[in-house]
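Read through the structure below, which is laid out as structure tokens, and then see the notes.
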Amino acid sequence: MHSSKVRETALMLLHEGRSLTDVARSLEVSRSTLRAWQACGQPILRSCARCDDADLPAKEYAALLGYYLGDGCVSVAGPHVTFRVSCDVRFPNVVSDVVGLIRGVNPGRKVFEVPAPGVTVVHSNWKHWPCLFPQHGPGRKHERPIVLEDWQQEIVAEHPADLLRGLFHSDGSRVRNWATRVVGGQRRRYDYPRWQFTNNSRDIQLLCCAALDAAGIAWRQSNWKTISVSTRAAVATLDQLIGLKR
């Protein structure tokens, strides 16, 4: 019996154009087994990065972590474990992004899009979701500590822009702000864009601020639950890094 990691590697190599003989020799898998995997069309199932030391796509994971911290949860009900992200129906590209990220982090498993009033709930079942999101627990996130483990901190330090995309595209918004200024004796109104990230958890706010610092983006605390990116240069940089929320 070959592990799922061996099967995943074999199917990837065959997909890249390697011959059956070459793959069979390099992985010590019989050609008949390789043919059976191909014929059955078995999905590429990634092993758990925490339990089996499998590879974890860091960029995709960083973005998915941002979505989880914003509008996601992990539900455990007996043997059933589900990862969910609730997405605003007004932003279909965000829904597609979440679907793609889940498939990137855990390819081969089904991803479901369930309509609900005002939202599309994207979810996928896998018993190892708690391994990848150890911040899960009973109750709401702002009522319990949210602290990243060392391996998570390494990922977000390397890919802060991806974490920011998940955070701002879930619990963030890009709005038009205005201010007045006296110029030449006349009061004039100026409109300008601003990004805001709103979350009741101080721990999650601090993770957002740290990622903004790592990306070189100026920010300020607007109120107890809102982080704002307001300067023209900072907004332009964040636009470029995470794209518009659509």
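Below, all heavy atoms of this structure are taken into account, side chains as well, without hydrogens, waters or symmetry copies. Residues take their numbers from the sequence shown, with the count starting at 1.
Atom CD of Gln240 has 12 or fewer heavy atoms from other residues, nucleotides or ligands within 6.0 Å. More than 12 heavy-atom neighbours from other residues, nucleotides or ligands sit within 6.0 angstrom of NZ on Lys245. Residue Arg144 qualifies as enclosed at atom CZ: its count of foreign heavy atoms under 6.0 Å is above 12.
Two residues are said to be in side-chain contact when any heavy atoms from C-beta on lie closer than 4.5 Å; Asn125 and His80 fail this criterion. Counting only heavy atoms from C-beta outward, the side chains of Tyr67 and Cys87 never approach each other to under 4.5 Å. Residues Trp195 and Asp239 have side chains in contact (heavy-atom distance under 4.5 Å, counting atoms from C-beta outward). Between Phe197 and Leu212, every side-chain heavy-atom pair lies at or beyond the 4.5 Å cut-off. Contact check for Arg103 versus Val99: side-chain heavy atoms found under the 4.5 Å cut-off. With a 4.5 Å cut-off on side-chain heavy atoms, Phe83 and Leu64 count as touching. Between Val235 and Tyr192 there is no side-chain heavy-atom pair separated by less than 4.5 Å. Within the 4.5 Å cutoff, no side-chain heavy atoms of Val29 are placed close to those of Val23.
No continuous path of ILVMFWY side-chain contacts below 4.5 Å connects Leu163 to Val147, so the two sit in separate hydrophobic clusters. Using a 4.5 Å cut-off between side-chain heavy atoms of Ile, Leu, Val, Met, Phe, Trp and Tyr, with links allowed through other members, Leu238 and Phe91 fall into the same hydrophobic cluster. Hydrophobic clustering (side-chain heavy atoms under 4.5 Å, transitive across Ile, Leu, Val, Met, Phe, Trp, Tyr) groups Tyr68 together with Val76. Residues Val121 and Leu69 are members of separate hydrophobic clusters, defined by side-chain heavy-atom contacts under 4.5 angstrom among Ile, Leu, Val, Met, Phe, Trp and Tyr. Taking hydrophobic clusters as Ile, Leu, Val, Met, Phe, Trp and Tyr residues chained together by side-chain heavy-atom distances below 4.5 Å, Val114 does not share a cluster with Val85.
Taking OG from Ser228 and CZ from Arg220, the interatomic distance works out to 5.0 Å, rounded to the nearest 0.5 Å. Note that the CZ atom of Arg31 and the CG atom of Asp22 stand 11.0 Å from one another [nearest 0.5 Å]. Summarising the geometry, atom NE2 belonging to His169 is positioned 9.5 Å from atom CZ belonging to Arg246; distances are rounded to the nearest 0.5 Å. Distance check: Thr33 OG1 to Glu28 CD gives 13.0 Å after rounding to the nearest 0.5 Å. Atom OG1 of Thr226 and atom CG of Asn200 lie 9.0 Å apart (nearest 0.5 Å). To the nearest 0.5 angstrom, Phe112 atom CZ is 11.0 Å from Ile102 atom CD1.
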Which side-chain N or O atoms in residues 201-211 pair as donor and acceptor under 3.5 Å with protein atoms at least two apart or in another chain?
from	atom 1	to	atom 2	distance (Å)
Ser201	OG	Asp203	N	3.4
Ser201	OG	Ile204	N	3.2
Arg202	NH1	Gln205	OE1	2.9
Arg202	NH1	Gln221	OE1	2.8
Asp203	OD2	Ile146	N	2.9
Gln205	OE1	Gln221	NE2	3.0
Gln205	NE2	Asn199	O	2.8
Gln205	NE2	Trp224	O	3.1

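Partner Ser75 forms a side-chain hydrogen bond (donor to acceptor under 3.5 Å, both in side chains) with one of Arg84, His136, His123 and no other, that one being Arg84.
The aromatic rings of Phe133 and Trp129 sit tilted relative to each other, their planes meeting at an angle between 30° and 60°.
Comment: Asp97 engages Arg165 in a salt bridge, judged by a side-chain N to carboxylate O separation of less than 4.0 angstrom. Taking the charged nitrogens against the carboxylate oxygens, Arg176 and Asp191 have no contact shorter than 4.0 Å, which rules out a salt bridge.
Counting all heavy atoms, side chain and backbone alike, Pro92 lies closest to Arg90 at CD-O, 3.3 Å. Heavy-atom minimum distance, Glu113 versus Val95: OE1-CG1, 3.6 Å. Between Pro130 and Val81, the shortest heavy-atom distance links the atoms CD-CG1, 3.5 Å. Counting all heavy atoms, side chain and backbone alike, Cys131 lies closest to Arg50 at O-CG, 3.4 Å. The nearest pair of heavy atoms linking Ser173 to Val175 is OG-CG1, 3.7 Å. Closest non-hydrogen pair, Ser30 versus Ala24, comes out as C-CB, 4.4 Å.
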**OP:** Give the intermediate values and the outcome of side-chain contact (heavy atoms from CB on, under 4.5 Å) for residues Lys225 and His142.
**Re:** CA-CA 11 Å; Lys225 63 179 181 179; His142 68 274; over 6 Å; no
**OP:** Kindly indicate, with the supporting measurements, whether the criterion side-chain contact (heavy atoms from CB on, under 4.5 Å) is fulfilled by Tyr61 and Asp162.
**Re:** CA-CA 8 Å; Tyr61 176 77; Asp162 298 285; over 6 Å; no
**OP:** Could you please spell out the steps behind the side-chain contact (heavy atoms from CB on, under 4.5 Å) verdict for Thr198 and Asp171?
**Re:** CA-CA 6 Å; Thr198 303; Asp171 270 356; 5.8 Å; no
**OP:** Evaluate side-chain contact (heavy atoms from CB on, under 4.5 Å) for Asp71 paired with Val119, printing each intermediate quantity in order.
**Re:** CA-CA 11 Å; Asp71 287 325; Val119 300; over 6 Å; no
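Judged purely by atom type and a 3.5 angstrom limit, Lys141 uses its side chain to pair as donor or acceptor with the backbone of Gly72. For Arg109 (side chain) and Ser124 (main-chain N/O), no donor-acceptor pair under 3.5 Å exists by modelled atom type. With hydrogens and angles ignored, the 3.5 Å screen pairs a side-chain donor or acceptor of Gln153 with a backbone N or O of Leu148.
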